[in-house]
Amino acid sequence: MNTVWKGNQEVYRKLLAERYGPLDRLEAERFPVATDSVERAAGAGEEQWRHQVREIAARYGWRLQYHTADSRRSDPGWPDEVFGHLGQRRTLFIEFKTDTGRIRPAQRVWLSHLADSGFEVAIWRPRDLPTVLRVLGPARQRASLPQNFRRSTS
């Protein structure tokens with residue numbers, strides 16, 4: 001296991017420990033995502049990555065999850081996933097990309113509009129797993145677009 005992913009595994013274990021207390025063997029068995037999701041994130045395709053994040057979100061109580069099944073019949077640019085957490089009264093709009101995937105112009109327009117309207121919006125790539133855990137987990141970090149994200153000029 002390379003050191004980058006080993007560090008992410010430690011971040012995830014720390015977040016679990018903050019929420020559930022010390023992780024003994026039984027708790028580690030209850031939350032196997034602590035060890036397997038970090039390794040699965042490396043090199044994941046967009047769809048695999050999206051499914052992995054849905055699993056993590058469900059474990060942290062994000063019960064409302066929406067994904068357009070066939071975006072070819074939808075208007076272009078809408079984010080891949082919308083998560084809702086009833087207890088926290090939060091809604092996240094997430095665009096999933098591989099580590100090398102590019103944002104299309106229509107996606108840039110929608111993401112910019114949603115963020116400028118005050119919504120929590122993010123582009124998540126497999127390398128962003130620590131951020132994903134901080135946003136979805138007990139740290140409740142606010143989701144945001146990357147600092148280098150160029151707003152739409154349309």
Side-chain angles (χ1 to χ4, degrees), residues 2 4-20 31 33-34 36-154:
N2 68 38
V4 172
W5 294 115
K6 185 174 183 181
N8 289 342
Q9 182 178 5
E10 291 168 13
V11 168
Y12 192 79
R13 286 185 173 279
K14 181 180 175 192
L15 288 170
L16 284 174
E18 288 173 9
R19 181 165 186 181
Y20 299 104
F31 301 101
V33 71
D36 68 2
S37 70
V38 172
E39 293 170 2
R40 286 188 297 150
E46 186 175 316
E47 193 64 13
Q48 293 170 313
W49 173 230
R50 188 182 69 75
H51 282 289
Q52 183 180 352
V53 173
R54 280 181 72 103
E55 290 174 14
I56 294 168
R59 289 173 190 241
Y60 281 121
W62 294 84
R63 300 289 175 244
L64 300 176
Q65 299 183 0
Y66 173 79
H67 172 72
T68 301
D70 186 355
S71 61
R72 294 174 296 181
R73 293 184 176 189
S74 299
D75 292 333
W78 186 252
D80 290 322
E81 197 85 28
V82 180
F83 291 133
H85 195 293
L86 297 171
Q88 295 178 22
R89 294 184 179 184
R90 290 174 65 196
T91 302
L92 309 177
F93 294 87
I94 308 298
E95 180 64 37
F96 291 98
K97 294 292 178 189
T98 63
D99 281 331
T100 58
R102 295 184 181 196
I103 301 294
R104 293 185 310 252
Q107 292 172 323
R108 190 170 303 282
V109 170
W110 267 112
L111 295 172
S112 296
H113 170 72
L114 290 165
D116 292 344
S117 297
F119 290 101
E120 290 186 66
V121 182
I123 301 166
W124 283 344
R125 302 171 186 276
R127 67 177 178 238
D128 297 325
L129 181 60
T131 300
V132 170
L133 297 172
R134 287 191 300 271
V135 170
L136 297 176
R140 296 184 182 186
Q141 176 179 314
R142 184 170 172 82
S144 62
L145 292 171
Q147 288 186 354
N148 63 352
F149 183 80
R150 291 187 311 274
R151 297 273 197 249
S152 165
T153 57
S154 305

Would you indicate whether the side-chain heavy atoms of Q88 and W62 approach each other to under 4.5 Å? yes
Indicate whether the side chain of E47 and that of H51 have a donor and an acceptor atom separated by less than 3.5 Å. yes
How far apart are the closest heavy atoms of L111 and L145, and which atoms are they? O-CD1, 3.9 Å
A quick test of your reading: do over 12 heavy atoms of other residues, nucleotides or ligands sit less than 6.0 Å from CZ of R73? no
Specify the closest pair of heavy atoms between E46 and F96, including all atoms of both residues, with the distance to one decimal. CD-O, 3.0 Å
Looking at CD of E81 and CD1 of I94, how far apart are the two atoms once the value is rounded to the nearest 0.5 Å? 8.5 Å
Taking every heavy atom of H67 against every heavy atom of D80, the minimum-distance pair comes out as ND1-O, 2.7 Å
Taking R63 for the side chain and A58 for the main chain, is one N or O donor matched with an acceptor at less than 3.5 Å? yes
What I'd like to find out is whether the side chain of V135 reaches to under 4.5 Å of the side chain of R90, using heavy atoms alone. yes
When you look at CH2 of W110, are more than 12 heavy atoms from neighbouring residues, nucleotides or ligands closer to it than 6.0 Å? no
Decide yes or no for R140 and H85: does some side-chain heavy atom of the first lie under 4.5 Å from some side-chain heavy atom of the second? no
Here the gap from R54 atom CZ to W49 atom CH2, rounded to the nearest 0.5 Å, amounts to 14.0 Å
Side chain proximity check, L136 to V53, heavy atoms < 4.5 angstrom: yes
Shortest non-hydrogen contact from R125 to T98? NH1-O, 2.7 Å
Contact check, side chains of L129 and I56, non-hydrogen atoms, under 4.5 Å: yes
Output, in order, the C-alpha distance, side-chain angles, deciding distance and verdict of side chain to side chain contact (heavy atoms under 4.5 Å, CB included) for T91 and L64. CA-CA 9 Å; T91 302; L64 300 176; over 6 Å; no
Is there a donor-acceptor contact under 3.5 Å from the side chain of R127 to the main chain of D99? yes
Between F149 and R108 the two heavy atoms that sit nearest each other are CE1-NH1, 3.4 Å
Are any of the side-chain heavy atoms of V121 and P79 separated by less than 4.5 Å? no
Polar side-chain atom of W124 near backbone of T131 as donor-acceptor pair, under 3.5 Å: no
Residues Q65 and A57: closest non-hydrogen pair is NE2-CB, 3.6 Å
